[in-house]
Amino acid sequence: MTDGDFFQRAYNIVRQVPKGRVATYGQVARMMGEPRKARYVGFAMHSSPGMKGGVPCHRIVFADGSLAPGFAFGGADEQQRMLEAEGVGFLPNGKVDLRQYLWEA
DNA sequence: CATATGACCTTCC
DNA sequence: AGGAAGGCCATAT
């Protein structure tokens, strides 16, 4: 196996994220035991097969609760709408309420 | 083939 | 308390 397994591991964690809940890149990276690789978790999402592959990248948000503008499915607006459709609540500042919807392993 | 950048987070000053 | 820099692996040019 190659180090690329890191991607597979990232997908594995993201895939474990329950519906109506969101996880942060750093948290996922930390789960894999590589808190410094938070950046590549995002890369993994970019190369992710999509939710069709079981990788709900839209449930992955920043550590502060903001989404990924310009790189998401069709815009942070679409992503935000999807999360709301899953039951995730958003704060008036346009961020996810990690206080309540942050996925806890 | 080598160089540069990237959906980020953590830590130090 | 706020600001700045670093770090890591992979992908793309």
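Chain identifiers are assigned alphabetically (A, B, ...) following the order of the sequence lines, protein sequences preceding nucleic acid strands; residue numbering begins at 1 within each chain.
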B:dT5 phosphate, OP1 or OP2, under 4.0 Å from A:Arg39 side-chain N/O: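 No.
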
Residue A:Arg30, side-chain atoms from C-beta onward, closest of B:dA7, B:dT10, B:dC8: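 Of all the options, the side chain of A:Arg30 is nearest to B:dT10.
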
Can you tell me how far [atom2] of [N] sits from [atom1] of [X], to the nearest Å?
X: A:Leu98; N: B:dC9; atom1: CG; atom2: P; value: 10 Å
X: A:Asp5; N: C:dA10; atom1: CG; atom2: C1'; value: 14 Å
X: A:Arg36; N: B:dC8; atom1: CZ; atom2: C1'; value: 13 Å
X: A:Phe7; N: C:dC9; atom1: CZ; atom2: C1'; value: 7 Å

Touch class at under 4.0 angstrom, heavy-atom based, for A:Gly26 against every strand present: sugar-phosphate

Sugar-phosphate only, base, or nothing, as touched by A:Ala29 at under 4.0 Å among non-hydrogen atoms: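 Answer is nothing: A:Ala29 stays at 4.0 Å or more from every strand.
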
No-hydrogen, no-angle side-chain donor-acceptor test under 3.5 Å, A:Gln100 and A:Asp97: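 Their side chains do contain a donor-acceptor pair, which is all the 3.5 Å distance test asks for.
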
Residue closer to the 5' end of DNA chain B, A:Phe62 versus A:Phe43 (nearest nucleotide): A:Phe43

Heavy-atom neighbours of A:Arg81 CZ exceed 12 at 6.0 Å: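 For A:Arg81, atom CZ is not crowded (no more than 12 foreign heavy atoms under 6.0 Å).
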
Nearest-0.5 Å distance, CZ of residue A:Arg59 to CH2 of residue A:Trp103: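 Nearest 0.5 Å value for the CZ-CH2 distance: 11.0 Å.
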
From CZ (A:Arg21) to CD (A:Glu86), nearest 0.5 Å: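 So the gap between those two atoms works out to 11.5 Å.
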
Separation between the C1' atoms of C:dG3 and B:dA7, rounded to whole Å: 23 Å

